[in-house]
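Below is one structure, written out as structure tokens, with a few remarks after it.
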There are 2 protein chains.
Amino acid sequence: MPSKSQPAQTSARTKNRAPTRIQQKNRAAILGAALDVFSAQGFRGATIDQIATSAGLSKPNLLYYFPSKEAIHNTLLAGLLDTWLDPLRAMNPAGDPLQEILAYVHRKLQMSRDYPRESRLFANEIVQGAPRIHDALSTDLKELVDEKAALISSWIADGKLAPVHPYHLIFSIWSLTQHYADFDVQIRAVMNTQDPFDDAPEFIDTLYRRLLSPP
Amino acid sequence: MPSKSQPAQTSARTKNRAPTRIQQKNRAAILGAALDVFSAQGFRGATIDQIATSAGLSKPNLLYYFPSKEAIHNTLLAGLLDTWLDPLRAMNPAGDPLQEILAYVHRKLQMSRDYPRESRLFANEIVQGAPRIHDALSTDLKELVDEKAALISSWIADGKLAPVHPYHLIFSIWSLTQHYADFDVQIRAVMNTQDPFDDAPEFIDTLYRRLLSPP
DNA sequence: CTTTGATTTGACCAACTGGTCAAACTCACG
DNA sequence: CGTGAGTTTGACCAGTTGGTCAAATCAAAG
């Protein structure tokens, strides 16, 4: 006899079966908890036990849904980069240049406000040398930025925007918007009265209008 | 008999004696290695063994110079915040407003170029909630920023600068300059040909001139 | 109600990590 | 060259951590 029937499954996600209700619920709970923990402690600072407890599961039970700590982290990062680039992808070559860039800035700032944990997860990964997503950066990310930088350059050549270095313009947008999520603690320590996000959109809007308005 | 003579010393840095040549050399080597490791891995990601090996010492030998991993980290952070704020302290109320701010921006950018490890050490600490320096942020840092924000406000009131929110102006400077150190990997992944620092000063200079030049 | 696969868990393990300690070694100086 | 303070280390320890496993429990289709 060549083989016995299927050996007992030792993990979720069997071959091609649709995920059960329980699988969906638990995987979502794990990813949510993992986002909390990874974004606050970094990859090495996080422990499986923390994530499991925070998700309301035991450690072995968590490992029934994901094969390893790294697998959870990878799952989060994989979804993240794509989401993160959506605002830039949405920049429309047919729109009004200044308005397109301001709209991009607003979308990006809104993401920092709505998804600060994701922003910090990303920041942790990059600051520590992007060991797990370096490839995606130099392929997917670079490709998209090259494309949009070319678009900005053409807008400048047409006299629709004041001349600036297009790559550094994009970096500045990332930097300014993500700063409000990543360095939140620092900003709040300095501005301890009001929510920093209140005035940020107006400031950043002014900044890019003055920088980019054509002469 | 109340006490025997001095018990055998179990750590360096005896009472008030001046540090020996060996102590100076080894403490410096440890702090240098620790800066490498902490800035690249974060506090929890770093191990005493890594730091010791990188400093050319054995683990127990390292612990002869510093009582714990946390003590090394604290020593680094303590020196850091002060150095980090020097460029802002140097902003001169008697100088020309626009030039003073541009000079501040340049000093800050230069620090990111010269001390990227320090910048990343700081970024790691803040992104993860500043557990070890939160107090210093809401006292020393806040005090200095309040002072300089008031100065900027007065410059604006005098019509020497275009009106902007002074706190967000300062945040934007931190954000833009430190971004080049903290997100170095990402920037290099996108601009794989040239050194990102080459064009950054000119871009940032232009940005703040257009933002702040009085009408 | 039974069966079968999905889910959960307690017990366990090996590797790693921060830290200790007594003994050994080195060095400067009288 | 002897001596005591300063320096170094191998052996060790306890707590943590990522991950395994067999057995127990649960859910739902028949």
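All values reported here derive from a predicted model rather than from experimental measurement. Reminder, nothing fancy here: chain letters follow the sequence lines and each chain counts from 1. When reading the values below, keep in mind they use all heavy atoms of this one structure, side chains included, and skip hydrogens, waters and symmetry mates.
- In the helix from dC1(C)-dG30(D) to dG30(C)-dC1(D), the terminal helix axes, each the rotation mapping four pairs' C1' atoms onto the next four within five end pairs, subtend 10°, rounded to 10°.
- Cation-pi contact between Arg27(A) and Phe66(A): present, with separation from the ring centre below 6.0 Å and deviation from the ring axis of at most 45°.
- Classification of Arg120(A) and Asp36(A) as a salt-bridged pair fails, no side-chain N sitting under 4.0 Å from a carboxylate O.
- Inspection of the Ser119(A) and Tyr180(A) side chains reveals no N or O donor paired with an N or O acceptor under 3.5 Å.
- Contact between the side-chain N/O atoms of Gln23(A) and the OP1/OP2 oxygens of dA6(C) is not found at any separation under 4.0 Å.
- In this structure, a donor-acceptor pair under 3.5 Å is absent between the side chains of Asp199(B) and Tyr167(A).
- With sequence neighbours excluded, no residue forms a salt bridge (charged side-chain N to carboxylate O under 4.0 Å, His left out) with Lys25(A).
- Screening residues 59-72 of chain B for salt bridge (charged side-chain N to carboxylate O under 4.0 Å, His left out) gives Glu70(B)-Arg132(B) as the qualifying pairs, with residues at least two apart or on separate chains.
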Output one line per pair: protein atom, nucleotide atom from nucleotides 22-27 of chain D, and distance, for all N/O pairs under 3.5 Å.
none

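- When only modelled atom types and interatomic distance are considered, Ser172(A) and Tyr208(A) share a side-chain donor-acceptor pair under 3.5 Å.
- Closest to the side chain of Ser58(B), out of dA6(C), dT9(D), dG6(D), is dT9(D).
- Pairs passing the salt bridge (charged side-chain N to carboxylate O under 4.0 Å, His left out) check and including a residue from residues 171-185 of chain B, sequence neighbours excluded, read Asp184(B)-Arg188(B).
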Might you list the N or O atoms of the protein lying below 3.5 Å from N or O atoms in nucleotides 14-18 of chain C, with each pair's distance?
{"residue": "dT17(C)", "atom": "OP1", "partner": "Arg44(A)", "partner atom": "NH2", "Å": "3.1"}
{"residue": "dG18(C)", "atom": "OP1", "partner": "Ala46(B)", "partner atom": "O", "Å": "3.3"}
{"residue": "dG18(C)", "atom": "OP1", "partner": "Lys69(B)", "partner atom": "NZ", "Å": "2.9"}
{"residue": "dG18(C)", "atom": "OP2", "partner": "Ile48(B)", "partner atom": "N", "Å": "3.0"}
{"residue": "dG18(C)", "atom": "N7", "partner": "Lys59(B)", "partner atom": "NZ", "Å": "2.9"}

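- Under a 4.0 Å N-O distance rule, the pair Asp86(A)/Lys108(A) does not qualify as a salt bridge.
- Between His168(B) and His165(B), the angle of the ring planes goes over 60°, which puts this pair in the perpendicular group of the 30/60° scheme.
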